[in-house]
Structures are given as C-alpha cells and as structure tokens.
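Following: one structure in structure tokens, then a few remarks.
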Amino acid sequence: MTSPSSLLELLYLTSQNATILQLSIPDKSSYYSFSSSEELQLFLDTVKSLRQEAVKREMGHSTLPLTPAEERLDREGRTKWERRQRVRKRVMEGEMKGRDEATERLLS
C-alpha cells in the first residue's frame, strides 16, 4: 500500500501545475487547493516533516511535546486501532472454530 505522503508526491510529480490536490486515506478523502506550486511544495514538505515527527514520537525520540488536541487524536486513533484488532481476532477465532468443527465432521 502506498503511503499518503508518497501519494501526494506522485500527484505533484504527475502535474507540476496542480492547484487542487486530493489526499485519500482509507476512511475519507480530503481536497486541498493551492494558488501556486510553492504553496503545494510547502504543504508536501510539512506533511513529510509531520510524518517523520510521528515516527520519532512513536519510537520515543521526539523532543516536541504534544498539544492537548494531538494527545486526543492519538488516543482516538489508538482506540480505533485496538477495536479493529479485537474484531479481527474474533473473526479469526470464529474461522478457526468453524474449521475445527468441519474437521471433526470429516473424521467422524
């Protein structure tokens, strides 16, 4: 899967005169309008630096403190990810149980 920042770069590289940019992530799409290629490049650089800062923070190497809004967003994202993992685990357990029952029927 391609990361959002590389999708942005790909769009920028395919259209050097782009004034509207679409950023798509699994849950939604966002559209951004730029008046110049310099503004677009600034946006791309900002996204890259924020992504790098998020990686550093995840690894425990960040020197920048989180704002309350960023802490809330991190907490919401973590909660959503954990919920998704629980659902995935239940689905996998259900599939394994179904496989075990099918095996039992074949052996009987």
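L50 and F43 fall into different hydrophobic clusters, where Ile, Leu, Val, Met, Phe, Trp and Tyr are joined by side-chain heavy atoms under 4.5 Å apart, directly or via other members. Hydrophobic clustering of Ile, Leu, Val, Met, Phe, Trp and Tyr side chains at less than 4.5 Å, counting indirect connections, keeps L40 apart from L42.
Atom CG in L44 sits 7.0 Å away from atom CZ in F34 (nearest 0.5 Å).
Listed by chain and number, the residues in a side-chain contact (heavy atoms from CB on, under 4.5 Å) with M96 are R99 (sequence neighbours excluded). In this structure, the side chain to side chain donor-acceptor pair (under 3.5 Å) partners of E76, at least two apart in sequence or on a different chain, are R72. Every residue two or more places apart in sequence or in another chain that forms a side-chain contact (heavy atoms from CB on, under 4.5 Å) with R57 is listed here: A54, S62, L66, D74.
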Anything under 3.5 Å between a donor and an acceptor, one on a side chain of residues 80-92, the other on a protein residue two or more places apart or in another chain? List them.
unit_1 : atom_1 : unit_2 : atom_2 : d
K80    : NZ     : D27    : OD2    : 2.2

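Taking a 6.0 Å sphere around CD of E58, one finds it holds 12 or fewer heavy atoms contributed by other residues, nucleotides or ligands.
Applying the salt bridge (Lys or Arg N to Asp or Glu O under 4.0 Å) test to pairs two or more places apart or on separate chains, none has a residue in residues 31-45.
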